[in-house]
Amino acid sequence: MGQALPKPALRPYLGEDAPVLAAIFAASIEELTGDDYSEAQQQAWASAAEDEEAFGQRLASELTLVATLESSPVGFASLKGTGHIDMLYVHPGAVGQGVASMLCDALEKLAGGRGAKSFTVDASDNAAEFFARRGYVAMQRNTVTVNGEWLANTTMQKTLGDGAKPEVHT
């Protein structure tokens, strides 16, 4: 019989996490988004973490959870306001181990506990399928400018609690 893989765990964001989470952010973009975004788009997107202090302040200003494997951070997610996922990133080496699902489950429960009736995310093209499998519905396509590059994403929504479908606005 094989050895069981370690189970991911969650903990709150700590200020000293900023450098490793910035590295996870950049590695995730660099290694996981190449099918959907050009190299220039990836570089512009990843540049948001170049200033680790500002990146850490952004994470600290939101409810940010850190996923760990054997005490080492492997992913993170942040809740903006009561019901919007601002960031959800997993290190490429930890993809497929349930880290993103665990982070998303936790944020959805926290948002529901804070009274949110629905949950939204501006999902990158490579993350949209993950959110769709979790019951998120595409609401609108967006184009944003990041450091002079245009990036597309999709605002997706999930109704929490009663299972009612969100209204689609066109």
Side-chain angles (χ1 to χ4, degrees), residues 6-26 28-29 32-33 45 48-49 51-69 71-91 94-144 146 151-170:
K7 297 271 189 234
L10 291 178
R11 65 168 173 76
Y13 169 76
L14 304 171
E16 61 263 22
D17 291 328
V20 72
L21 298 188
I24 289 170
F25 177 83
S28 176
I29 293 166
L32 302 176
T33 67
W45 183 0
D51 181 342
E52 289 176 2
E53 185 177 334
F55 189 74
Q57 288 172 351
R58 178 177 173 184
L59 294 172
S61 73
E62 300 174 353
L63 192 161
T64 301
L65 298 176
V66 177
T68 61
L69 281 172
S71 301
S72 295
V74 293
F76 65 96
S78 62
L79 178 65
K80 187 175 188 177
T82 57
H84 182 78
I85 297 175
D86 184 32
M87 292 191 277
L88 174 60
Y89 291 88
V90 175
H91 189 279
V95 168
Q97 297 181 44
V99 174
S101 292
M102 183 178 65
L103 285 162
C104 208
D105 287 344
L107 288 185
E108 289 171 8
K109 286 178 187 163
L110 287 166
R114 291 177 165 197
K117 301 294 182 211
S118 65
F119 209 54
T120 59
V121 63
D122 293 327
S124 63
D125 290 349
N126 58 298
E129 186 177 319
F130 166 79
F131 288 106
R133 286 193 309 266
R134 296 187 57 82
Y136 288 73
V137 176
M139 305 301 286
Q140 70 181 34
R141 285 289 283 166
N142 308 300
T143 305
V144 295
V146 179
L151 287 91
N153 65 33
T154 302
T155 299
M156 301 180 78
Q157 180 178 359
K158 178 178 183 176
T159 300
L160 300 176
D162 66 5
K165 295 283 185 208
E167 293 180 35
V168 176
H169 303 282
T170 54

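The basis for the numbers below is simple: all heavy atoms, side chains too, and nothing from hydrogens, waters or symmetry mates. Numbering of residues begins at 1 and proceeds along the displayed sequence.
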Legend entry - side-chain contact (heavy atoms from CB on, under 4.5 Å) evaluation trace for R141 with T154: CA-CA 4 Å; R141 285 289 283 166; T154 302; 2.8 Å; yes

Inset, instruction - Identify the two heavy atoms, one from A111 and one from L160, that lie closest to each other, and give their separation to 0.1 Å. - result: CB-CD1, 4.1 Å

Inset, instruction - For A106, enumerate each residue passing the side-chain contact (heavy atoms from CB on, under 4.5 Å) test, keeping only those at least two apart in sequence or located in another chain. - result: L10, L65

Legend entry - Between Q157 and T120: side-chain donor-acceptor atoms closer than 3.5 Å: no

Inset, instruction - Look at R58 together with D51 and state whether they make a salt bridge at an N to O cut-off of under 4.0 Å. - result: no

Legend entry - Inter- and intrachain pairs under ring-ring contact (aromatic ring centres under 6.0 Å, His included), touching residues 105-135, at least two apart: F131-Y136

Inset, instruction - Quick one: do H84 and D122 satisfy side-chain contact (heavy atoms from CB on, under 4.5 Å)? Show the steps, please. - result: CA-CA 9 Å; H84 182 78; D122 293 327; 3.7 Å; yes

Inset, instruction - Let me see the working for K158 and E108 under side-chain contact (heavy atoms from CB on, under 4.5 Å), right down to the final yes or no. - result: CA-CA 9 Å; K158 178 178 183 176; E108 289 171 8; 3.1 Å; yes

Inset, instruction - Please find out if less than 6.0 Å separates the ring center of Y89 from that of F76. - result: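 Centroid separation for Y89 and F76: below 6.0 Å.
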
Legend entry - Side chains of L21 and V66 in contact at under 4.5 Å (non-hydrogen atoms):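 Of all side-chain heavy-atom pairs linking V66 with L21, at least one is under 4.5 Å.
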
Legend entry - Non-hydrogen side-chain atoms of R114 and L79 separated by less than 4.5 Å: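 A side-chain contact exists here, since the closest heavy-atom pair is under 4.5 Å.
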
Inset, instruction - Could you please spell out the steps behind the side-chain contact (heavy atoms from CB on, under 4.5 Å) verdict for I85 and K80? - result: CA-CA 6 Å; I85 297 175; K80 187 175 188 177; over 6 Å; no

Legend entry - Any donor-acceptor pair under 3.5 Å from T33 side chain to I29 backbone: yes

